[in-house]
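For reference, the structure is listed below as structure tokens.
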Amino acid sequence: MVLKGRTTAELADAVLPALTSTMTVLKEQGEAPAADFRSTVLIALESAARSTKGGPGPAVTDMIRKITEALDAA
């Protein structure tokens, strides 16, 4: 996938559906691969959020919520 968006919203419009599609494909292979992928993505998000001084801001928190929803939409 080539990301051509110039704004966060444009990138999200491409990435969030791709996450949902990925989860759908992984669930077809079994619950374990899907659960592993979901866990890996969420661990990466949590780690990135913790690395910011003062914790994640509202925009980051909102994006984490959107990513989690995209993962769970499959």
Side-chain angles (χ1 to χ4, degrees):
M1 170 192 300
V2 176
L3 297 175
K4 297 181 181 181
R6 294 178 185 252
T7 67
T8 302
E10 290 172 345
L11 292 171
D13 287 345
V15 172
L16 296 176
L19 285 171
T20 302
S21 294
T22 300
M23 286 295 291
T24 299
V25 169
L26 290 172
K27 282 184 175 183
E28 291 171 359
Q29 297 176 11
E31 285 298 320
D36 288 344
F37 179 75
R38 183 183 187 280
S39 176
T40 299
V41 171
L42 294 179
I43 288 168
L45 290 172
E46 291 169 12
S47 178
R50 280 195 309 265
S51 71
T52 59
K53 291 184 179 181
V60 171
T61 301
D62 187 48
M63 189 53 65
I64 290 171
R65 179 189 56 77
K66 289 178 182 181
I67 292 169
T68 302
E69 287 174 356
L71 292 169
D72 293 342

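- Residues Ala12 and Met63 approach most closely at CB-CE, 4.2 Å, considering heavy atoms.
- Formation of a donor-acceptor pair under 3.5 Å by the Thr40 side chain with backbone atoms of Asp36 is found in this model.
- The side-chain hydrogen bond (donor to acceptor under 3.5 Å, both in side chains) search around Arg65 returns Asp62, Glu69, not counting sequence neighbours.
- Rounding to the nearest 0.5 Å places CZ of Arg38 at 10.5 Å from CD1 of Ile43.
- For the residue pair Ala14 and Leu3, the shortest heavy atom distance occurs at CB-CD2, 4.0 Å.
- Shown here for Gly30 and Pro33, the closest heavy-atom pair between the two residues is O-CD, 3.2 Å.
- In this structure, CE in Met23 is found 7.0 Å from CG in Asp72, a value given to the nearest 0.5 Å.
- Of all heavy-atom pairs spanning Ala74 and Thr20, the tightest one is CB-O, 3.6 Å.
- Ile64 and Ala49 get closest at one heavy-atom pair: CD1-CB, 3.9 Å.
- Here the straight-line distance linking atom CZ of Arg6 with atom CG of Leu11 works out to 11.0 Å at 0.5 Å rounding.
- Distance check: Thr22 OG1 to Lys27 NZ gives 12.5 Å after rounding to the nearest 0.5 Å.
- Cluster membership for Leu42 and Val60, using ILVMFWY side-chain heavy atoms within less than 4.5 angstrom, is shared.
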